[in-house]
Participant: 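This is the structure I have questions about; it appears just below.
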Protein chains: 2
Amino acid sequence: MKISIDLRSDIPIYLQIVEQIRQQLTSGGLKPGDQLPTVRALASELRINFNTVSRAYRVLDQSGIISTQQGRGTYILETPPPEVVERLQLESLDALSRHYLRQTSRLGFSLEEAIKHLRQQAGKPDTGDQNFS
Amino acid sequence: MKISIDLRSDIPIYLQIVEQIRQQLTSGGLKPGDQLPTVRALASELRINFNTVSRAYRVLDQSGIISTQQGRGTYILETPPPEVVERLQLESLDALSRHYLRQTSRLGFSLEEAIKHLRQQAGKPDTGDQNFS
DNA sequence: TGTATCATTGTATCTTTGTATGATTGTACA
DNA sequence: TGTACAATCATACAAAGATACAATGATACA
């Protein structure tokens, strides 16, 4: 579980945590049944208050992604509702795109510069709508 | 932190604050990492409204001199020399792009889908995360 | 086994921090 | 005058932290 937060971001810490856990779930870094770090452990690692982690977990809990139980811990749900999984993909893409735009913008790059760079990185300087995995 | 304002000056209070903090930074009175007084503390000391202090801090924040974080406080930022900044910019863009490509790819989106999404996101100015509430 | 006790886990609530929005004030100028 | 604008203030809000608490688990011991 590697979660990193950016205190300078204009996205609240607890939402950064939410987004990263969602992404790790969709990207396979986290699997159903996995135990998440305890609120205190993650908070200590990130040097923030554990209530902030708790808040992030509560959001994920209410989204039906995890299950938190007082005195036991926090776990990825075994059977996340299918529509939740589906929505997760789009939500993750949203979060990724926002993050990318925010950061490149902060670095002083324009949208077009960023996109151009993306294409170069992808090794396909021009169009084509194929996957690039 | 000794800041003094002159109510009779024709310079706005918030700009007086901005100037004095800038000066204390160059004169070494303030160092990177230092915490500035809270908006309320400084406002109380100067007997002005805390929103005026907040406004000064916002100016400094947008200049990249300080970092204000809701619920945490306001801090002087580390400011690396310009040539380092320039190099870091490119490296950061590289890292950001690679990360974005890797993640969107994992989610099963094509490069063009991702870029299309980026443009859409750029259209709406950072709406924040509205997936739950 | 049962249970006392303590450690570990998440929760509730209040305080402290900065933010958003709109009203008020003062000043310049037509 | 009165209109326009910037600066400041008032109020309500949101994010993060501090503290005390409750639920669960682990361990020792009768």
Side-chain angles (χ1 to χ4, degrees), chain A residues 1 3-21 33-77 102, chain B residues 1 3-21 33-77 125-133:
Chain A
M1 272 289 295
I3 294 216
S4 59
I5 57 174
D6 177 4
L7 294 178
R8 285 200 261 161
S9 168
D10 50 354
I11 302 281
I13 298 175
Y14 79 97
L15 284 183
Q16 292 185 42
I17 297 174
V18 166
E19 288 179 354
Q20 290 192 43
I21 290 180
D34 282 357
Q35 176 170 19
L36 294 175
T38 69
V39 290
R40 282 174 178 78
L42 184 52
S44 156
E45 188 183 325
L46 300 178
R47 298 173 194 282
I48 58 176
N49 189 276
F50 60 80
N51 277 298
T52 303
V53 178
S54 177
R55 189 167 180 183
Y57 283 4
R58 196 179 324 137
V59 171
L60 290 165
D61 192 299
Q62 287 168 353
S63 304
I65 293 174
I66 66 177
S67 161
T68 73
Q69 300 146 26
Q70 184 167 347
R72 297 182 45 83
T74 302
Y75 299 83
I76 305 283
L77 274 185
R102 242 180 354 255
Chain B
M1 273 291 297
I3 293 213
S4 58
I5 56 174
D6 178 4
L7 293 178
R8 280 158 310 202
S9 166
D10 49 355
I11 309 251
I13 299 175
Y14 78 97
L15 284 183
Q16 293 184 41
I17 297 174
V18 166
E19 259 322 294
Q20 292 193 40
I21 289 179
D34 282 356
Q35 176 169 18
L36 294 175
T38 69
V39 290
R40 281 173 178 78
L42 183 53
S44 157
E45 188 184 324
L46 301 178
R47 299 174 192 283
I48 57 176
N49 189 277
F50 60 80
N51 278 297
T52 304
V53 178
S54 176
R55 186 166 180 180
Y57 282 4
R58 196 179 326 136
V59 171
L60 291 165
D61 192 299
Q62 286 167 353
S63 309
I65 293 176
I66 65 175
S67 164
T68 72
Q69 300 148 28
Q70 184 166 348
R72 307 196 99 216
T74 303
Y75 300 84
I76 306 282
L77 273 183
D126 206 334
T127 52
D129 197 337
Q130 320 250 11
N131 294 325
F132 17 64
S133 48

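Labels below follow one simple rule: chain letters A, B, ... track the order of the sequence lines, proteins then strands, and each chain is numbered from 1. What you see is a predicted model, and the numbers here were worked out from it, not measured in a lab.
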Participant: For C:dT17, does OP1 or OP2 lie under 4.0 Å from any side-chain N or O of B:Thr68?
Facilitator: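 Looking at the OP1 and OP2 atoms of C:dT17, neither is under 4.0 Å from any side-chain N or O of B:Thr68.
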Participant: When you measure from the side-chain N and O atoms of A:Ser54 to the phosphate of C:dT11, is any distance below 4.0 Å, counting only OP1 and OP2?
Facilitator: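 It does, given that an N or O in the side chain of A:Ser54 lies less than 4.0 Å from OP1 or OP2 of C:dT11.
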Participant: Base, backbone or nothing for each nucleotide of nucleotides 19-27 of chain D, written B, S, -, heavy atoms under 4.0 angstrom, 5' to 3'?
Facilitator: B--BBBS--
Participant: May I have the list of side-chain donor-acceptor pairs in residues 49-56 of chain A shorter than 3.5 Å, sequence neighbours left out?
Facilitator:
{"unit_1": "A:Asn49", "atom_1": "OD1", "unit_2": "A:Asn51", "atom_2": "N", "d": "2.8"}
{"unit_1": "A:Asn49", "atom_1": "OD1", "unit_2": "A:Asn51", "atom_2": "ND2", "d": "3.1"}

Participant: Whole-Å distance between D:dA6 C1' and B:Asp10 CG?
Facilitator: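 Taking atom C1' of D:dA6 as the reference, CG of B:Asp10 is at 14 Å.
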Participant: Evaluate the side chain to side chain contact (heavy atoms under 4.5 Å, CB included) criterion for residues A:Leu46 and A:Ile3: first the C-alpha distance (whole Å), next the side-chain angles of each, then the deciding distance (0.1 Å), finally the verdict.
Facilitator: CA-CA 8 Å; A:Leu46 300 178; A:Ile3 294 216; 4.2 Å; yes
Participant: What is the distance, to the nearest angstrom, from the CD1 atom on B:Ile66 to the P atom on C:dG18?
Facilitator: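 Going from B:Ile66 (CD1) to C:dG18 (P), I get 10 Å.
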Participant: Compare all side-chain heavy atoms of B:Leu77 with those of B:Ile66 and state whether any distance is below 4.5 angstrom.
Facilitator: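 Counting from C-beta outward, B:Leu77 and B:Ile66 never come under 4.5 Å.
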Participant: Without decimals, in angstroms, what is the distance between B:Arg55 CZ and D:dA10 C1'?
Facilitator: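 Checked: the CZ to C1' distance equals 16 Å.
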Participant: On DNA chain C, does the nearest nucleotide to B:Gly73 precede the nearest nucleotide to B:Arg58 from the 5' side, or the other way round? Give the residue.
Facilitator: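 Nearer the 5' end of the strand: B:Gly73.
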Participant: Whole Å only: how far is the CG atom of A:Leu42 from the P atom of C:dT8?
Facilitator: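 To the nearest whole Å, that distance equals 18 Å.
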Participant: Could you give the CZ-to-C1' distance, from A:Arg47 to D:dG17, as a whole number of Å?
Facilitator: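 One finds 16 Å between C1' of D:dG17 and CZ of A:Arg47, rounded.
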Participant: If you assign each of B:Ile48 and A:Pro12 to its closest nucleotide in DNA chain D, which residue comes earlier from the 5' end?
Facilitator: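 On the 5' side of the pair lies B:Ile48.
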Participant: Would you tabulate the side-chain donor-acceptor contacts of residues 4-18 of chain B under 3.5 Å, counting partners in other chains and residues two or more places apart, or write 'none'?
Facilitator:
{"unit_1": "B:Asp6", "atom_1": "OD1", "unit_2": "B:Arg8", "atom_2": "N", "d": "2.9"}
{"unit_1": "B:Ser9", "atom_1": "OG", "unit_2": "B:Ile11", "atom_2": "N", "d": "2.9"}
{"unit_1": "B:Gln16", "atom_1": "OE1", "unit_2": "B:Asp6", "atom_2": "N", "d": "2.8"}
{"unit_1": "B:Gln16", "atom_1": "NE2", "unit_2": "B:Asp6", "atom_2": "O", "d": "3.0"}
{"unit_1": "B:Gln16", "atom_1": "NE2", "unit_2": "B:Ile11", "atom_2": "O", "d": "2.9"}

Participant: Separation of B:Asp6 atom CG from D:dA7 atom C1', in whole Å?
Facilitator: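 The distance from CG of B:Asp6 to C1' of D:dA7 comes to 15 Å, rounded to the nearest Å.
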Participant: Is the distance from OP1 or OP2 of C:dT17 to the nearest side-chain N or O of B:Thr74 less than 4.0 Å?
Facilitator: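 No.
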Participant: If the condition is side chain to side chain contact (heavy atoms under 4.5 Å, CB included), which residues does A:Gln69 pass it with, not counting sequence neighbours?
Facilitator: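 Once residues adjacent in sequence are excluded, the partners of A:Gln69 under the side chain to side chain contact (heavy atoms under 4.5 Å, CB included) criterion are A:Ser67, A:Arg72.
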Participant: If you compare every side-chain N and O of B:Tyr14 against the phosphate oxygens of D:dA7 (OP1, OP2), does one of them come in below 4.0 Å?
Facilitator: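 For D:dA7, OP1 or OP2 has a side-chain N or O of B:Tyr14 closer than 4.0 Å.
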Participant: Separation of A:Tyr57 atom OH from C:dG10 atom P, in whole Å?
Facilitator: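 Distance check: A:Tyr57 OH to C:dG10 P gives 7 Å.
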Participant: Using whole Å, report how far CD1 of A:Ile11 lies from C1' of C:dT19.
Facilitator: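 It is 15 Å, rounded to the nearest whole Å.
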Participant: With sequence neighbours excluded, tell me which residues meet side chain to side chain contact (heavy atoms under 4.5 Å, CB included) with B:Glu19.
Facilitator: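 Per chain and number, B:Glu19 pairs via side chain to side chain contact (heavy atoms under 4.5 Å, CB included) with B:Arg22, B:Gln23.
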Participant: Output all residues satisfying side chain to side chain donor-acceptor pair (under 3.5 Å) with A:Thr68, sequence neighbours left out; order by chain, then residue number.
Facilitator: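 A:Thr68 satisfies side chain to side chain donor-acceptor pair (under 3.5 Å) with A:Asp61 once adjacent residues are dropped.
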